[in-house]
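Each chain gets a letter, A, B and so on, in the order the sequences are listed, and its residues count up from 1.
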Amino acid sequence: MILALRALRTNKIRSILTMLGIIIGVASVILLVSIGTGLQAYVTQQFASLGSNKVFILPGKVDLKRVGGRPTTPVSKFELGDVTDIMRGSVVIKDVTPVVTQAGTITYQGEITRADIFGVWENYFAMGNFSADVGSVITQNDVERTRKVVVLGSKPAKDLFGDAEPVGKTVTIGDIRYQVKGVLVSKGGGGALGGDIDERIVIPFTTALRQFNQSRPFMMLVEASDQDAVVEAASDIRRTLLRRLKIDDFTVLEQKELLSTITQFLSVITIALGGIAAISLLVGGIGIMNIMLVSVTERTREIGLRKAVGATGRDILLQFLIESVIVSLVGGIIGILLGGAGSLALRSFVQTEVTLWSVFLASGFSALIGIVFGVAPAIRAARLDPIEALRYE
Amino acid sequence: MTSDVLRISHISKIYTMDGVEFTAVGDVSLSVKHGEYVAIMGPSGSGKSTLMHIIGCLDRPTAGRVEIVGQDISHASDHVLARIRNTSIGFVFQQFNLLRRTSAIANVELPLVYRGIGGGERRSIAEKILRQVGLGDKLNNFPSQLSGGQQQRVAIARALVTDPQILLADEPTGNLDSKSGTEILELFEGLHKNGRTIILVTHDADVARQARRIVRIADGKIVEDKKVGRP
Ligand SMILES: Nc1ncnc2c1ncn2[C@@H]1O[C@H](COP(=O)(O)OP(=O)(O)OP(=O)(O)O)[C@@H](O)[C@H]1O
Ligand SMILES: [Mg+2]
């Protein structure tokens with residue numbers, strides 16, 4: 001042990017350069033995996049904030065197994081009557097809201113911003129856990145009277161008003177003027193309900209139909225009585241809708257299903273990122289082997305002498321093995337610290353999460369690399385014949 | 001003859017190169033008693049170093065029997081040979097063979113490391129031996145900061161640090177000027193007076209004269225073995 005440390009100290013620069021390979025490898029494993037798991041945690045968190053007792057009813061056929069390939073926007077065949085039918089058709093459904101949505105521009109005194117405009121019933125806010133930060137949300141009265149009022153997500157509110165008070169001001173959507181009723185509490189961004197609540201603006205459903213010149217709900221959002229009732233609720237919905245529509249006219253999506261598909265996709269990405277980083281760790285390991293082989297050759301006379309004064313093959317083997325394990329372990333520890341620091345530094349851009357398993361994996365892997373790639377050179381050193389070794393120039 | 005520290009009988013060492021056999025040592029038998037001071041002489045290439053390596057358990061003979069302090073090591077494992085090198089034999093090389101980036105005292109400590117002796121004790125033993133060979137003030141010098149004679153004395157200290165029964169020296173003065181060589185020989189003389197068994201290899205008749213017994217070899221065979229009186 002002490003011998004190994006001493007040998008490393010006498011070859012400082014070389015040891016550090018060898019370590020660098022491991023440091024970079026371990027740091028990138030930690031960093032990339034932390035980004036991947038951070039992403040997963042972020043998405044899960046977003047969904048959790050919505051509650052997992054939601055069911056979406058989308059027009060057309062949506063194939064969840066094909067993430068990424070976005071189908072062309074299907075034509076909705078829903079009618080407002082479906083909302084009441086669905087409500088009546090199941091005992092485990094707590095609430096239903098129809099939704100029309102379109103992207104649009106919204107202006108206020110020369111400030112202009114784009115946002116997803118959602119037309120919903122007043123119950124949408126309770127279902128999604130959205131509440132007003134300032135002002136109030138849309139009421140039943142607003143919906144019934146087709147009032148031109150709007151509730152802003154935190155981002156469009158900021159874009160249009162900066163730090164000024166938005167409530168009571170008049171904004172223009174398309175060419176129709178709306179009064180700002182309130183601003184929603186920020187949920188910190190995220191992909192809930194097919195978009196980020198912070199980036200939405202919400203208007204009464206009836207007003208939205210008129211605004212977009214439409215007559216049908218685009219989709220429906222359903223709240224089951226609790227999480228366990230979601231499956232039953234979904235099948236009740238299907239049964240209800242099939243009475244009037246064809247199987248290809250709609251898709252019933254459970255929030256859980258959506259979430260698991262997305263997290264599954266993200267974990268594949270995480271593993272892929274980790275794998276790529278692991279390759280650099282492997283390269284670092286080969287670097288160790290290379291340096292240790294050079295070191296064995298270079299120190300042939302030293303090995304011969306050590307044997308001449310009584311070192312056994314095992315002594316020599318251990319010395320070289322410990323040397324390479326120390327290099328890779330120290331490199332691994334530095335890499336973990338660097339990777340951890342890097343992921344902290346990235347926090348301001350993306351959510352990252354250093355997981356225990358990636359730390360264990362990286363440090364275990366680096367120790368293993370030290371042993372695996374150190375063994376061949378160490379065995380070679382241990383097998384040297386003392387006389388041959390001493391004669392070596 | 002229980003006082004024999006070394007007994008070799010009918011040993012030979014045959015090298016095969018490109019299918020051609022070459023006998024470096026052929027059928028040599030030799031016994032050395034405890035406390036003897038033996039010089040092995042012979043022309044270059046006569047097999048002196050080969051013989052010394054076999055005696056020092058650094059090399060195995062092709063045939064024959066080697067006994068060190070009563071133990072037959074002809075069929076001993078590498079592990080056992082390493083232990084005998086560590087405990088019973090001190091070897092001094094012509095080229096010193098010190099570890100370059102290691103201080104004098106650490107070089108001397110080395111055999112004790114493989115004996116599992118702790119750092120503090122190792123240091124005090126090594127320091128004592130280095131003082132005996134007259135290097136008490138150079139403990140922390142690196143080999144590059146020592147003269148050739150001083151380096152050889154560090155090597156001798158290293159050979160003696162385990163208090164071995166046999167001290168083997170292969171041309172210990174070969175790389176030294178005559179003054180340093182004389183100092184080394186004086187050191188050996190002192191060791192001999194204290195009862196240490198010494199076997200040394202030399203070309204130099206003046207060096208050989210320091211010993212009490214001269215063995216001459218030529219072409220891998222012993223051609224003369226005689227006791228000499230001190231002048
Ligand atoms: N590994 C080897 N392979 C083949 N031949 C060898 C080997 N080692 C030694 N020899 C041969 O054995 C013979 C004896 O060599 P050795 O080193 O014992 O001679 P020496 O008496 O010590 O000579 P010197 O006085 O020059 O040191 C030489 O002819 C040498 O070429
Ligand atoms: Mg020789």
(request) Residue by residue, scan residues 55-90 of chain B and write down, ordered by number, those that have a heavy-atom distance under 4.5 Å to chain A; if none do, write 'none'. (result)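 Listed by number: B:Leu58, B:Asp59, B:His79, B:Ala82, B:Arg85, B:Asn86.
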(message) Does anything in residues 149-173 of chain B reach chain A? List residues with heavy atoms under 4.5 Å apart, or say none.
(response)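 Checking residues 149-173 of chain B against chain A gives B:Arg158.
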(request) Kindly say whether B:Leu146 contributes a backbone atom to a donor-acceptor pair with the side chain of B:Asn141 at under 3.5 angstrom? (result)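 No, B:Asn141 side chain to B:Leu146 backbone: no donor-acceptor pair under 3.5 Å.
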(request) State plainly whether the residues A:Glu323 and A:Arg299 are in salt-bridge range, i.e. N to O under 4.0 Å. (result)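 Result for this pair is yes, salt bridge flagged.
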(request) Might you point out which heavy atoms bring A:Ser363 and A:Ile336 nearest each other, and give the distance in Å? (result)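 In terms of heavy atoms, the two residues are closest at CB-CD1, 3.7 Å.
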(request) Take A:Asp198 and A:Ser186 through the side chain to side chain donor-acceptor pair (under 3.5 Å) test and state the conclusion after the steps. (result) CA-CA 6 Å; A:Asp198 290 351; A:Ser186 169; 2.9 Å; yes
(request) Just do the side-chain contact (heavy atoms from CB on, under 4.5 Å) check on B:Ile14 and B:Phe22 with the steps written out, would you? (result) CA-CA 5 Å; B:Ile14 297 164; B:Phe22 177 83; 6.0 Å; no
(message) Can you classify the ring geometry of B:Tyr37 versus B:His192 as parallel (below 30°), tilted (30 to 60°) or perpendicular (above 60°)?
(response)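 Plane angle between 30° and 60°, so tilted.
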(message) Just verifying a value: how many Å separate A:Ile291 CD1 and A:Leu293 CG, rounded to the nearest 0.5 Å?
(response)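 Rounded to the nearest 0.5 Å, the CD1-CG separation comes to 9.5 Å.
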(request) Using a 4.5 Å cut-off on heavy atoms from C-beta on, say whether the side chain of B:Phe142 contacts that of B:Arg100. (result)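 Sidechains of B:Phe142 and B:Arg100: no contact.
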(request) Please examine the side chains of A:Leu338 and A:Ile23, heavy atoms only from C-beta on, and report whether any two atoms are closer than 4.5 Å. (result)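 Side chain of A:Ile23 against side chain of A:Leu338, heavy atoms only: contact under 4.5 Å found.
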